[in-house]
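One is the number of the first residue; the rest follow in order along the sequence.
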Amino acid sequence: MAVLYRVRSLHHLSKCISTKILPRRFYSAQVSSQFETVGFIGLGNMGSRMANNLIKAGYQVAVHDINCNAMKKFSDIGAATKETPTEVAEASDVVITMLPTSSHVYDVYTGPNGLLYGGNLRPRLFIDSSTIDPQTSRKLSTIVSNCTLKEQKEDHWKKPALLDAPVSGGVLAAEAGTLTFMAAKICNNLALAISMLGVSESLALGQSLGISASTLTKVFNSSSARCWSSDSYNPVPGVMEGVPSSRNYDGGFASKLMAKDVNIAATSAKEVGLRCPLTCQAQEIYTELCEDGHETKDFSCVFRHYYSGKNEI
């Protein structure tokens, strides 16, 4: 029953983050009373949009980020800004984290100014939407479950809980409120990394053979090669509006983050003894992309900077 309650609570809270916002009157009074105040840590490309959706939904939101400019933007729209993760936890019923790496997440939770400082906590629920290795998630889950709650209520929450809830959909979905929560993000991102390489390689080959990227994309999208990297996130500048390739590969999912996720996938495969030759190849390509100075560009820039693909004229 406790597990069901927690899942239902996450479902209602996530309406503010992963679906189009509904008026607060549609939420149950019980859930609203549990999560009136929400803490959010990590205000990057993804987190800033997720936190903004919560504010639009009418929640009291307390935020923290090491980037002062990101904090100021939220202060300007009335959000409570906190100096440390500990202060966020003290002001929140539930805390969401959206951070770049496993080490960042571990430090935010367990560091000297971390969310779990003191072990006697106000938040009943912690939701980590970062993409990190499963070992760190499991370790943090155990640490959180060994903490206590400052206030015991007549409900099913006897101990605080951590949910591993990474998201898929990228910046565009974060902006639109259409992100998908999942518990298999590394596998998903590995498939995405490899599919982007396959699409980019094919489009670059097509250009070399005299086939325009627009023509080849139409072929892909009406046949068996259709995939998200082709029909929703095309890597060729000039083929699709509103995606990173249309703005010099800015404002998307950074190559360094994709390289990080592929590295996690490679490590996980090695730990379980699985042969993953495509993972190893993707690892080499995205690492090289970052080493060549493109680590902050969207990972779809592999089309231009690895395969030397050309803009659509």
Side-chain angles (χ1 to χ4, degrees), residues 44-46 100 131 167-176 178-180 185-266 269 275-313:
N45 286 335
M46 297 290 292
T131 301
V167 299
S168 179
V171 173
L172 297 178
E175 183 81 42
T178 57
L179 292 170
T180 301
K185 182 67 181 293
I186 292 302
C187 295
N188 179 84
N189 277 23
L190 174 61
L192 173 61
I194 293 172
S195 74
M196 181 58 75
L197 295 181
V199 168
S200 296
E201 193 168 300
S202 299
L203 290 168
L205 175 61
Q207 287 183 335
S208 298
L209 297 174
I211 308 171
S212 73
S214 294
T215 298
L216 198 51
T217 295
K218 290 177 182 177
V219 173
F220 288 175
N221 294 345
S222 59
S223 62
S224 56
R226 183 175 185 176
C227 64
W228 192 78
S229 296
S230 173
D231 71 2
S232 299
Y233 213 76
N234 197 281
V236 182
V239 169
M240 184 176 293
E241 294 295 325
V243 294
S245 61
S246 69
R247 50 178 183 270
N248 196 30
Y249 301 102
D250 290 327
F253 187 63
S255 296
K256 64 180 179 181
L257 296 180
M258 183 56 86
K260 177 208 70 171
D261 291 354
V262 175
N263 287 338
I264 293 174
R275 292 178 61 192
C276 289
L278 295 182
T279 300
C280 294
Q281 186 67 54
Q283 188 179 24
E284 291 178 8
I285 291 174
Y286 286 110
T287 297
E288 181 178 330
L289 194 66
C290 293
E291 290 175 347
D292 287 345
H294 311 298
E295 67 274 7
T296 62
K297 295 293 186 179
D298 182 80
F299 77 104
S300 63
C301 78
V302 71
F303 169 77
R304 171 180 288 170
H305 298 301
Y306 184 83
Y307 292 106
S308 301
K310 301 176 178 61
N311 292 10
E312 184 75 350
I313 299 175

Residue Leu209 excluded, over 12 heavy atoms near CG under 6.0 Å
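More than 12 within 6.0 Å, yes.
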Quick check on Lys256: does its NZ atom have over 12 non-hydrogen neighbours (other residues, nucleotides or ligands) under 6.0 Å away?
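No, NZ of Lys256 has 12 or fewer neighbouring heavy atoms, counting only those of other groups under 6.0 Å.
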Measure the shortest side-chain to side-chain distance between [X] and [Y] over non-hydrogen atoms and say whether it is less than 4.5 angstrom.
X: Glu175; Y: Leu172; value: no
X: Ser255; Y: Val302; value: no
X: Arg304; Y: Pro237; value: yes
X: Val167; Y: Thr180; value: no
X: Phe253; Y: Val171; value: no
X: Ser168; Y: Leu179; value: no
X: Leu192; Y: Tyr233; value: no

Value rounded to 0.5 Å, distance of [atom1] in [X] from [atom2] in [Y]:
X: Ile264; Y: Thr131; atom1: CD1; atom2: OG1; value: 7.5 Å
X: Asp231; Y: Met240; atom1: CG; atom2: CE; value: 6.5 Å
X: Ile285; Y: Ser200; atom1: CD1; atom2: OG; value: 9.5 Å
X: Met258; Y: Asn263; atom1: CE; atom2: CG; value: 11.5 Å
X: Ser300; Y: His305; atom1: OG; atom2: NE2; value: 9.5 Å
X: His294; Y: Tyr306; atom1: NE2; atom2: OH; value: 12.5 Å

Nearest heavy atoms of [X] and [Y], plus distance in Å:
X: Gln283; Y: Ala266; answer: OE1-CB, 3.6 Å
X: Ile194; Y: Leu278; answer: CD1-CB, 3.8 Å
X: Phe303; Y: Ala204; answer: CE1-N, 3.8 Å
X: Ser214; Y: Glu312; answer: OG-OE2, 2.8 Å
X: Ala213; Y: Gln207; answer: CB-NE2, 4.1 Å
X: Cys301; Y: Leu289; answer: SG-CD2, 3.8 Å

Write out all pairs satisfying salt bridge (charged side-chain N to carboxylate O under 4.0 Å, His left out) with one or both partners inside residues 241-254, taking only residues at least two apart or from two chains.
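Qualifying pairs: Asp250-Lys297.
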Listed partners of Thr217 passing side chain to side chain donor-acceptor pair (under 3.5 Å), at least two apart
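For Thr217 the side chain to side chain donor-acceptor pair (under 3.5 Å) partners, ignoring immediate neighbours, are Asn234.
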Distance-only polar pair, side chains of Ser230 and Asn221, donor-acceptor under 3.5 Å:
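Yes, Asn221 and Ser230 have a side-chain donor paired with an acceptor closer than 3.5 Å.
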Tell me yes or no: between the side chains of Ser229 and Ser195, is some donor less than 3.5 Å from an acceptor?
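Yes, Ser195 and Ser229 have a side-chain donor paired with an acceptor closer than 3.5 Å.
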Do Tyr286 and Leu197 pass the side chain to side chain contact (heavy atoms under 4.5 Å, CB included) test, and can you show the C-alpha distance, the side-chain angles, and the key distance before you say yes or no?
CA-CA 10 Å; Tyr286 286 110; Leu197 295 181; 3.7 Å; yes
For the pair Leu190 and Thr279, evaluate side chain to side chain contact (heavy atoms under 4.5 Å, CB included) and give the outcome as yes or no after the intermediate values.
CA-CA 7 Å; Leu190 174 61; Thr279 300; 3.4 Å; yes
Ignoring hydrogens and geometry, is there a side-chain-to-backbone donor-acceptor pair from Thr287 to Glu284 under 3.5 Å?
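No.
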Could you check whether any side-chain N or O of Tyr307 sits under 3.5 Å from a backbone N or O of Ser202, counting only pairs where one atom can act as donor and the other as acceptor?
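Not a single qualifying donor-acceptor pair exists.
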Please determine whether side chain to side chain contact (heavy atoms under 4.5 Å, CB included) holds for the pair Val199 and Cys227, giving the CA-CA distance in whole Å, both sets of side-chain angles, and the decisive distance to 0.1 Å.
CA-CA 9 Å; Val199 168; Cys227 64; 3.5 Å; yes
side-chain contact (heavy atoms from CB on, under 4.5 Å) involving Leu216 - partner list, sequence neighbours excluded
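Counting only residues at least two positions away or on another chain, Leu216 forms a side-chain contact (heavy atoms from CB on, under 4.5 Å) with Leu203, Ile211, Phe220.
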